[in-house]
Amino acid sequence: DDMLLPFPSFEKWPRHSHRHVRDCQPDIFGNATHETFPAHRNSNITVPSTTRYFVTKVVDSLDKVKNGYGHYTVINNPLRTFSVVEPGGSNGCIEHRRRTVENTSQARTCHVAVNAGFFNTHTGACLGNLVTDGKRIQDSGGIQNANFGIRKDGTIVVGYLSELDVLREDNPFVQLVTGVIWLVRNGSVYVNESRTTECADMQETGSLDRFVNVVSARTAVGHDEEGRVVLVHIDGQTGDRGVNLWEFADYLQRLGLVNAINLDGGGSATVVLNGSVANYPSDHCADNPAWRCARAVSTALCVHSL
Ligand code: NDG
C-alpha cells in the first residue's frame, strides 16, 4: 500500500528511461525564476479586447517560405476581463471533463476564448497549475513548466514557480495556467533555455525536443509592453503544417510580446469568437473524416465583459 511509503511510489511517476534524472524535479521552496509585470489598467477603455487576423510569411530552417495563418487578441484591463476557465465551467477539472472551447466559451459568455492547459488524453485530467477567478483548482507540486498568471494586486507573473510561489496567501493568484516552453522572456526568445529546464511529461507529442521542433498548430498567452494580456494562435497540423516553437517565439517577439508561454496546441488549438469557432482545427471529425472538428479539450482562456 503506497499510502505508507514516505515517498511517492515509482509507478506514480512514469519516466522515459532516456531522460536525464534532472528533468521534472519538483521545486517546493526554491527561488524559481520568473518575470513580473504590472497588468494594464485604464478605466477609460471599456472595450475588453481587440482581435486581429494575420497571414504571415515564416522562413523555416531550410530557407523555405511558408504562410502562417492566425489570430492575435489584445486584452485591456485583464484583471477584470480575463479568466482561466475549467472545461464546461465549474468543477470541469475535478470531473475530468473535456469540452470544446466553443462549449466552454458559451457556458461563460466569452467574447474571445482559446484553448489553454494541457491534459491527459487518456483520463481527461487537467495538467499543471490552475487557478480560475481566485479559486485554486490544482497545483503541479512544483514541477517545472512555464506558467502565466495574474496575482490579486494586478501583477502578471510569467515563468517558473516553486510550489510555495503558487500557494502564496498574501497576494494570491487570481488566474493561473501552465503551458510547456517559455517562448519569450523579457523581450528575447527563450526556447533554448526552457527546453533544457522544463518537464516533458505535460505533453504527449514526444520528447521535449520533438515537441519544440515539430511544426504544428500553436496557441500562446503573454503580455505586451503596456501590460495587456495577448493571445496568439497559428493554425497547423502536427508534422505537416504550422510552425515549430522557434518560429512561433520569433513571431511573438516581433509582435512585441514581452513575455509569452506556449499553451496546448495541435488538434487542441482552437479560437472561438463570440461563441463560434474561427480557426481551422486539425483533427478529423469522428463521424466523417472529410471534415475537421474542434477537439474536446481541457481549460480555456476567456475574455469577458468588465
Ligand atoms: C495536443 C498537443 C499534445 C498534448 C495534447 C493534449 C501540441 C503540438 O494536445 O502535446 O499532449 O494536451 O501541442 N500537441 O495534441
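First listed ligand is number 1; within each ligand, the first listed atom is number 1.
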Colleague: Is the NZ or CZ atom of R185 both under 6.0 Å from the centre of the six-membered ring of F37 and within 45° of that ring's axis?
Modeller: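 Because its charged atom misses either the 6.0 Å distance or the 45° angle limit, R185 does not stack over F37.
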Colleague: Has the side chain of T196 got a donor or acceptor atom that lies under 3.5 Å from a matching backbone atom of S194?
Modeller: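 Pair absent, no side-chain N/O of T196 close to backbone of S194.
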Colleague: Would you kindly specify which portion of T121 sits under 4.0 Å from ligand 1, judged on non-hydrogen atoms: side chain, backbone, both or neither?
Modeller: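 Contact part for T121 vs ligand 1: side chain (C-beta onward).
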Colleague: Quick check on contacts: which atoms of ligand 1 are under 4.0 angstrom from a heavy atom of S216?
Modeller: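 Near S216, meaning under 4.0 Å from one of its heavy atoms, ligand 1 has 8 (C).
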Colleague: Could you list which atoms of ligand 1 come closer than 4.0 Å to a heavy atom of T205?
Modeller: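 So the atoms of ligand 1 that pass are 2 (C), 3 (C), 7 (C), 8 (C), 10 (O), 14 (N).
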Colleague: Under 3.5 Å, side chain of N145 to main-chain N/O of C199, donor-acceptor pair present?
Modeller: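 Yes.
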Colleague: Kindly confirm or rule out an N or O of G265 lying under 3.5 angstrom from an N or O of ligand 1.
Modeller: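 G265 vs ligand 1: N/O contact under 3.5 Å present.
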Colleague: As an exercise, identify every atom of ligand 1 less than 4.0 angstrom from a heavy atom of S268.
Modeller: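 This gives 1 (C), 9 (O) as the contact atoms.
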Colleague: Would one find an N or O of G117, backbone or side chain, under 3.5 Å from an N or O of ligand 1?
Modeller: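 No: no nitrogen or oxygen of G117 is under 3.5 Å from one in ligand 1.
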Colleague: Which of these, N244, D264, V215, has its nearest heavy atom closest to atom 5 (C) of ligand 1?
Modeller: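 Considering heavy atoms of N244, D264, V215, the nearest to atom 5 (C) of ligand 1 sits in D264.
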Colleague: Would you please indicate if the ring centroids of H71 and Y53 are separated by under 6.0 Å?
Modeller: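 That pair passes the under 6.0 Å test.
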Colleague: I need the contact type for R295 against ligand 1. Using non-hydrogen atoms and a strict under-4.0 Å cut-off, is it side chain, backbone, both or neither?
Modeller: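 Near ligand 1, R295 shows its side chain, while the N, CA, C and O stay back.
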Colleague: Is it true that, when you exclude R254 itself, more than 12 heavy atoms of the residues, nucleotides or ligands shown sit nearer than 6.0 Å to its CZ?
Modeller: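 Yes, CZ of R254 has more than 12 neighbouring heavy atoms, counting only those of other groups under 6.0 Å.
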